[in-house]
Amino acid sequence: MTAPVLDRAPAPETAKPTIEWAPALRGAVRKLDPRGLVRQPVVFTVWIGSVFSTVLAVLEPSVFGWSIAVWLWLTVLFANVAEAVAEGRGKAQAASLRRAKTTAVAVMEDGREVPAASLTPGDRVVVVTGQVIPGDGDVVEGIASVDESAITGESAPVIRESGGDRCAVTGGTTVLSDRIVVQITSKPGETFVDRMIALVEGASRQKTPNEVALNILLSSLTIVFVLAVVTLQPIAVYSGAGQSLTVLIALVVCLIPTTIGALLSAIGIAGMDRLVQRNVLAMSGRAVEAAGDVGTLLLDKTGTITLGNRQAARFVPVGGATEAEVAQAAVLASLADETPEGRSVVVLGGGAVDRPAGAEFVEFTAQTRMSGVDLADGRQLRKGAAGAVQAWVRSLGGEVPGEVGTSVTEISTAGGTPLVLAANGPDGARVLGVIELKDVVKPGMRERFDELRRMGIRTVMITGDNEATARAIAAEAGVDDVLAEATPEDKLALIAREQEGGRLVAMTGDGTNDAPALAQADVGVAMNTGTSAAKEAGNMVDLDSDPTKLIEIVAIGKQLLITRGSLTTFSIANDLAKYFAILPAMFAPVFPGLDTLNVMRLHSPESAILSAVIFNALIIVALVPLALRGVKYRPGTASALLSRNLLVYGVGGVVLPFLGIKAIDLLVSLIPGIS
Amino acid sequence: MASWLQVAVLVVALAVVHKPLGDWVARVYTSEKHWRVEKLAYRVVGVDADSEQRWPTYLRSVLAFSLVGVLLLYALQRLQAVLPLDNGMAAVEPSSAWNTAVSFVTNTNWQGYAGESTMGHLVQMAGLAVQNFVSAAVGLAVLAALVRGFARAGTDRLGNAWVDVTRSVTRLLLPLAVVGAVVLVLGGVVQNLSAGTDVTTLAGGSQWIPGGPVASQEVIKELGTNGGGFFNANSAHPFEGPSAWVSLFQVFLILLIPFSLPRTFGRMVGDRKQGFAILGVMGLLAAISVALLSGFQAGALPEGQEVRFGGPLSSLFATATTLTSTGAINTQHDSLTPLGGMVTLFNMMLGEVAPGGVGTGLYGMLVLAVVAVFVAGLMVGRTPEYLGKKLGRREMTLASLYILTTPAIVLVGTAVAIALPEGRAGMLNSGPHGLSEVLYAFTSAGNNNGSAFAGLSANTPFYNVALGLAMAFGRFLPIVLVLALAGRLAAQGRVPVTSGTLPTHRPLFAGLLTAVVLVVVGLTYFPVLALGPLAEGLS
């Protein structure tokens, strides 16, 4: 199992996200309004340049002037398209969520009917079969099966009942049977669905801290380049090589980091969107960024690291019985045992066989603590807790050899659960062997933890088991540390301790007693099946309630940051080629020696400048899919990631525009007014 | 062959000395004990040497100290005629006095005047030589504060500016200067209080032979990466640079402290490899520069070069003096080939970081490292951190403003000078070469280098004032930003290093940082270089 985290299990319907270009284009045109663009300093700078160059083209019309003006507007438009495409993908999800919100009236406990939108926390409403739950809340009376597919996409109904950890219901979900009384916990307009809609639409999107920091760096580079060009003009005039304003604007636009400036917000939206596609809702972009920084993962043992139940792993024959004999007896004794443990014994013993005729099965009870079968030939087989079965053998006059106790102890010490298997027949009662049940680590977990370790992430397994059992499973799964016999207070203390050392902590949780820890963790993923308190405390909600997804969330966070960094590098690296295109074009007519810098042998000054501008615009569109998808991320050490990304986006960023501008120049030189 | 030998001797000497010296400097800034002479100084000034300062206080101390320095130096020059030891020199003209005062306090040592015919011995010794020490000490102090910002966690204290400045002088600059001066005197550099003597030459003519405390000023001029020569001809004057080996020794003195400081940095942050990586970047940039300049100068006419010692040593000196913020010269950079001259220009445009001035060079490089880490850090999938410090919005604001400041000063200054008649009046050449001269002047002033391209009559009120402003802004704006950054860093906790952390001590990162320095600078200045030295050199 060496497949990278992100290649694993994407939701099938979103595996190949398509880009809806047409509505995105309409959205992009609407975004030309400068009031919105001010938030993106780099794009806004291009917008100003576009306005100026248009005015200049009107005053002194020329093919070159108009070409530059048009392509500058296209640059702004393409930047908007990137954002609009990213937002558009959330719109469809928002629309389906809105449909879920259509309950107009709610029935109060006293029978009054009130508008659902006016419900406030503390109101108690009654919901019966077929009705839509009007708001988020906790079930305070009754039990019901609820269809949550409107939110989770999962069609199997879930049980919601008062008290305990399954009391939370979400507004917009439908009661399929029975009657419940729900106490509302959300304020009007702030329900879970409302927040989901806002999130997927990107309406409530705020710039994340790292995005802000990057924007500052980009703005600073923009100012440097604007200054470099503004001060260039008097110097050029002195040199007898004064430039037209159009050319200077073109130079500025080519130099400022337009590529990353244009794609930055699309990258952020797309990062959130990738989470949504995996059915995870991040309540803030900050949490997604934090996910990339996570240094410690707290993972619950059961269901995350191990399969939910213990399974038979080994038969230990005793007293001269053969392993085949033990296996056969174990299968017979477990045929009627429908528990996962029982089924696993059958599987280990070679699979199910036909039920022998006349056999009578003995059910497990809390009193006997064993189960088994009485066969027609009078033989009795029993399997169960070591003490109970040994007592049974002794009560029938059988001997229990010392090796039984030895293997029972050995198995317990190693973290397993021993079951003793015994038979009573014509030749007396005897112990046949011991069955070892143990926690089975999910396949592939060790590889994943190795991956995480290479990424510099420490994994801590949380379990209620005792220390010895916990350590044994931890060693098998390959986690770095365990927190055994964990109480909620222990969890909280562990998180605080890790954070004190400067590590960011991620965890999942569903119970109300997880809430403090979820709130304390930097990335707290609440299971959708969990209580409202847990969902309120975490900063992400996993609609699939799959705790393993934490690992994917970390990968998505990292991918978001890598995409940002790689495209920034690419954007800046592009400048080199643009200089080699534009500077000789500007100054070679006056200083012929500078034509040696025209390494691309571009056709004419006009075609060179226009080609650089066109390349600058087209590269944005070309990179939109990459920005939305995120750059390829394979878990590895920081060094490995850096060398790879530097090679692809740094060196590639230097080389590609030389080829691109040359190719465009070959086409542009065919335009009559340019050549 | 001889030239490679010179380079080899220099590299070996630096390699040997940088470790003990770097370790010593680290002790200077971390030791708890005060020397007796220092205690005396603290008592005189009224400083509580054991109380540490927050960054705004540290900044105020540094700025106040520099302001007093400017005022004193200005007064000394204006009043020199009525003060003793004036050697008959008149009061210095106001704009020139302002320019010189700022120039020496900012460790630039741009000299708009001719030393031997303007400044008496009192100004040279009590004014200029003193600033040669303390301006270097201020640079070191600011560096110490920034390094403490990286080294410390969860505190708002950055150390004590007065202590750092004092110790830089008493424990580092003075002892080294004494040793260096003795070596220079042995090598034939003049050291006396003579006002000069008239001698009759062999041919029967009369010649005035100047004298003065040259060696003592020469040594700190280089050690402190100051560059202000006793004579107008600077180190090309035979009394400043009497022989080839003295010239080479001077290059050694120039590079000595700047190349030792990365070691200090590594020591203080508790990871010597980090210092070594920075040293590697500085060394690589310097090597590229030496190679380029030697390449462009190969076969060039020796006019304007230090012909006594040959072209290669001239190139080496020119590289060293522009890569550090020294600005001492033994060659007229104006006379280098256009592309060779461009290398010296580019050296300064790097922001004086390879290795740069004492203190200033390393803090500039560390800010660039912050920028490099920010971009590269994202590429490894973490929000960026350097030496366990997160680089967030505030940190990046300060770093971004830092890399914006000097280019803004240089480009705006050059454009204004070129556009105004007052600016053009000083240009002795026309065309690209004239542009190079003006560009060089503002690059030198803005980056606090102090060397001149020559060919520009800069001792005019316009240039005195404009370059004075460029020097002041180029010095103090970055200091404000660096100290604010130091304050932010010190206040942060520390993120532990894991295999997911961007390693900043490996060749890969060193290469990346080198590329960032070259690209950021190259992209900023490419257009203006194209019109100046490139236009001239490629025609």
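By convention in this document, chain letters (A, B, ...) are assigned in the order of the sequence lines, proteins followed by strands, and residues within each chain are numbered from 1. It should be emphasised that the depicted structure is a prediction, and the values quoted were computed from it without experimental measurement. Values below: every heavy atom of this structure, side chains too, minus hydrogens, waters and symmetry copies.
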Query - Spacing of B/M396 atom CE and A/L218 atom CG [to the nearest 0.5 Å] - result: 9.5 Å
Query raised in the report: Hey, what do you get for CG (A/L255) to CZ (B/F526), rounding to the nearest 0.5 Å?
Result: 10.5 Å
Among the listed options [options], the residue most often paired with chain B at heavy-atom distances under 4.5 Å:
options                        : result
A/T231, A/I572, A/T596, A/L641 : A/T231
A/L576, A/T637, A/T569         : A/T569
A/V237, A/L594, A/D595         : A/L594
A/A640, A/S643, A/G593         : A/G593
A/A228, A/P209, A/S639         : A/S639
A/L251, A/L227, A/I235         : A/I235

Proximity breakdown for [X] and chain B, heavy-atom pairs closer than 4.5 Å:
X      : answer
A/A236 : both
A/F587 : side chain
A/R453 : backbone
A/R503 : both
A/L583 : side chain

Top of [options] for chain A proximity - count of heavy-atom pairs under 4.5 angstrom:
options                        : value
B/A376, B/A419, B/A535, B/G511 : B/A535
B/V495, B/L523, B/V528         : B/L523
B/V416, B/V375, B/V371         : B/V375
B/E385, B/R394, B/R424, B/E395 : B/R424

Could you look at [X] and say if it's the side chain, the backbone, both or neither that has a heavy atom under 4.5 Å from chain A?
X      : value
B/V412 : both
B/L512 : side chain
B/V438 : neither

Heavy-atom side-chain proximity of [X] to [Y] below 4.5 angstrom:
X      : Y      : answer
B/I418 : A/S239 : no
A/L642 : B/L508 : yes
B/L538 : A/L597 : yes
A/L214 : B/F374 : yes

Query - A/Y579 side chain to B/P527 backbone, donor-acceptor under 3.5 Å - result: no
Query raised in the report: Hey, does the side chain of A/D293 reach the backbone of B/T383 with a donor-acceptor pair shorter than 3.5 angstrom?
Result: yes
